[in-house]
Amino acid sequence: MPTAYEHGGRLTQAGTTVDPILVEIVQGTLASVEMEVETSIARTSRSPMIRDAHDFRAGIHDRQLRKLTGRSYSALVHPVARDFPLAEMAEGDVYFHNDVYESEGGIGHLPDLCVTVPVFHEGEVVAFVQAFGHHDDIGGAVPGSMPSNATSVHEEGLAVPPIKLWDKGVPNKAALRIMTRNSRMPDSLAADLDAECSACLMGARRLGELFARYGRADIEAAFDTILDQTTETYRREILSQIPDGTYVWEDYAEHDGVDDPRLHTQRITLTKVSDAPADPENGRPAGPRLIIDFTGTAPQAKGPINHCGDYVGGNFLKKWLAPILRNLADSPERMAELDVNEGVVPLIEMRFPDKGTLLTPVFPAPTNARTFVILRLLGVLAGVVAKAVDGRMPADQETIRYTGVYGKDRDGNDYLMREVLGGGSGGRYYADGEDTIHVVPDSRNLPTEFTESRFPFLVERLGLAVDSGGAGLHRGGLGYEKHIRMLRDAHFMSIADRSILACWGVKGGRAGMPFSVTVDLGGPDEREVDALADAEPVRAGQVIRIRTTGGGGWGDPLDRPYDAVERDLRWGKVSFEGARRDYGVVATGTKDAPTIDVEASDRLRDELRADRPEQEPFFDRGPGYARLADGRPSADVDWL
């Protein structure tokens, strides 16, 4: 369903000048409004996923539907402009959608509810403020609306194509009642939607004030300049770091909830061209360009790991993947300064396989666990770029996972506790990976004080998972280890991968520890739980142990300095056994006062080096890969 409204073009003629001070004022105001919208949502919403875990995003777009802000990713305005002519919009209107297939790639699964508010100046639409977030429940087969064994999107909850949720400031109570009636958590859903609508309406007023203060012509010229600057910055500082040529790499999801675990391939063929001709029809200037070809990606899965990525030329995916490219900046400080807005879109061309793949699913294929694909693609792009730049990219990062419990609380009321637990990021060519980070910007785990006061369980441990980071010259970040003791009978749920395949290491670095869940830890019914679980029974008094993924390592672990290993021992990030096994370091003493035997360690490292094969692959996927690849330790694309 292509966007009928003309979009993606400039607002002013090329070469239009604008006061650079005004550009700074506009850029700062956009960032401020975006943050104010998100802050308002966080303070006025009700559900733990929105209020406490912060699994939501705001974005500001111009009337050509181009994303202007770069602090966080966002959904798309395209489906709203497709179904509702801008000329018929009015102040106080709020548009809503969560339909995966009619979102043009901006919404990945049904729990992500999106509200869009037009901004007006002198009676005409000049911009949009949008917010979308992951809500507790929108119906479907299981609490939380993410059935791990779904074979159709119809099992995943209520799908709403773009509708007008507020008409000139008046809420559509019938539509709201339909949505809340389909939710197991109607009160929190209603409160969250009210928070998001009100916050976006506030943001639209703020932007309207900006237009009124400086005038439409100058503001739109500033919009064009902001995006032009991003295009030029990425062309000059990022694309220039990738040598011309074609590079291929692939990674995999390990299961889809329906079929037995196997390799669900996601492949990227990356071509860098420095002198590509202009492509005015698609808004691409002459000069450097990245061509990302997904040919070779596996057929769509029976289970819910598919993602609708091929709409609007992959517009959402371009902005989703582009942050990985920032790792090519000259320094970490410079990387942190680079925004990702619509300015990156002209530099990237995407080519998709025919319909019927993981990235081009055919309705009504299920999609609730699409993170297994779009988060893996971040790693695939990092890997294929690493092949081009001799490893000057981070090793594999943590992947998002939803874990939680549900049941009846002490008063007999239904409850659902679900959180997004982070994991370790990959080691980098200049530093170790970060511990327990969240790939979703600004999101976080739920505070123990909050969960224990609201839900019938105790958090007995929340700390780092020792030895979970992949060994390397620069070690991968560590994942969480969390122990939850249930006070009442309940059910455990998990939507996670990387339980067989691990976060890969690069350039000699080793893979990190995979995800795992153990129920009744230390008890008579101790058992491992599959990473995709909807209703694993847990009895009162039993402990659930959750260990999240560690990031991959970067560089040869036998080259890691002894003082760095000694520090890891002292900090409890690496065990004495792990130091010997992974780093060839012989240490004695205690955790608080470890002592490294340098001579013994030198000998051990020499022995370990001598036992290695003459050549090793550029990427290390860990032992789980062989389990799914008929015993092969590495893929053909893992070698330089």
Side-chain angles (χ1 to χ4, degrees), residues 99-110 112 146-156 248-270 291-321 324 348 350-384 396-397 399-402 439 495-501 503-504 531-532 621 624-625 628-629 635 637:
D99 188 308
V100 171
Y101 286 89
E102 293 204 12
S103 74
E104 305 219 5
I107 296 296
H109 59 185
L110 296 181
D112 283 347
M146 296 181 68
S148 63
N149 60 355
T151 57
S152 164
V153 72
H154 300 301
E155 302 170 58
E156 299 177 321
V248 183
W249 202 61
E250 66 187 34
D251 205 358
Y252 318 92
E254 62 195 24
H255 54 180
D256 71 345
V258 176
D259 287 333
D260 291 335
R262 61 183 176 86
L263 298 177
H264 296 266
T265 304
Q266 291 135 72
R267 172 178 283 234
I268 286 179
T269 299
L270 177 71
I291 301 170
I292 298 176
D293 190 334
F294 297 105
T295 300
T297 294
Q300 71 183 48
K302 294 179 183 177
I305 65 172
N306 307 289
H307 176 71
C308 302
D310 57 329
Y311 293 83
V312 204
N315 184 283
F316 175 85
L317 277 182
K318 291 176 184 179
K319 290 173 285 190
W320 170 260
L321 294 176
I324 284 293
I348 301 172
M350 287 188 167
R351 298 175 181 174
F352 292 91
D354 292 338
K355 285 290 187 182
T357 71
L358 290 174
L359 276 175
T360 59
V362 178
F363 179 83
T367 66
N368 74 75
R370 92 293 187 208
T371 51
F372 293 13
V373 169
I374 62 172
L375 288 175
R376 189 69 65 252
L377 286 178
L378 293 168
V380 181
L381 181 59
V384 74
D396 198 21
Q397 67 211 348
T399 51
I400 196 171
R401 65 204 57 77
Y402 300 91
V439 72
I495 300 292
D497 68 342
R498 287 298 200 217
S499 63
I500 301 173
L501 303 174
C503 292
W504 44 264
L532 280 172
R621 299 183 184 271
Y625 175 78
L628 300 181
V637 294

- Would you call T367 and Y101 a side-chain contact if the rule is heavy atoms closer than 4.5 Å? yes

- Message: Can you classify the ring geometry of W249 versus W504 as parallel (below 30°), tilted (30 to 60°) or perpendicular (above 60°)?
- Response: perpendicular

- Verify side chain to side chain contact (heavy atoms under 4.5 Å, CB included) between V384 and L381, making sure each step is shown before the conclusion. CA-CA 5 Å; V384 74; L381 181 59; 4.0 Å; yes

- Tell me, please, whether Y311 has K355 positioned over its six-membered ring: NZ or CZ under 6.0 Å from the ring centre and within 45 degrees of its axis? yes

- Item | V258 backbone acceptor or donor facing K302 side chain under 3.5 Å | no

- Task: Could you list the residues that satisfy ring pair (Phe, Tyr, Trp, His ring centres under 6.0 Å) with H109, not counting sequence neighbours?
- Result: H134

- Query: Do D293 and I268 touch side chain to side chain, with heavy atoms closer than 4.5 Å?
  - Reply: no

- Message: Can a side-chain donor-acceptor contact be found between E254 and Y252 if the only test is distance below 3.5 angstrom?
- Response: no

- Would you check if the side chain of T265 reaches a backbone N or O of R267 as a donor-acceptor pair within less than 3.5 Å? no

- Message: Has S148 got a side-chain atom pairing as donor or acceptor with G257's backbone, closer than 3.5 angstrom?
- Response: no

- Just wondering, do H307 and L359 contact through their side chains at under 4.5 Å, heavy atoms? yes

- Has the side chain of N368 got a donor or acceptor atom that lies under 3.5 Å from a matching backbone atom of P147? yes

- Using the salt bridge (charged side-chain N to carboxylate O under 4.0 Å, His left out) rule, take D256 and R262 through it: C-alpha gap first, then chi angles, then the decisive distance, then the call. CA-CA 9 Å; D256 71 345; R262 61 183 176 86; 5.3 Å; no

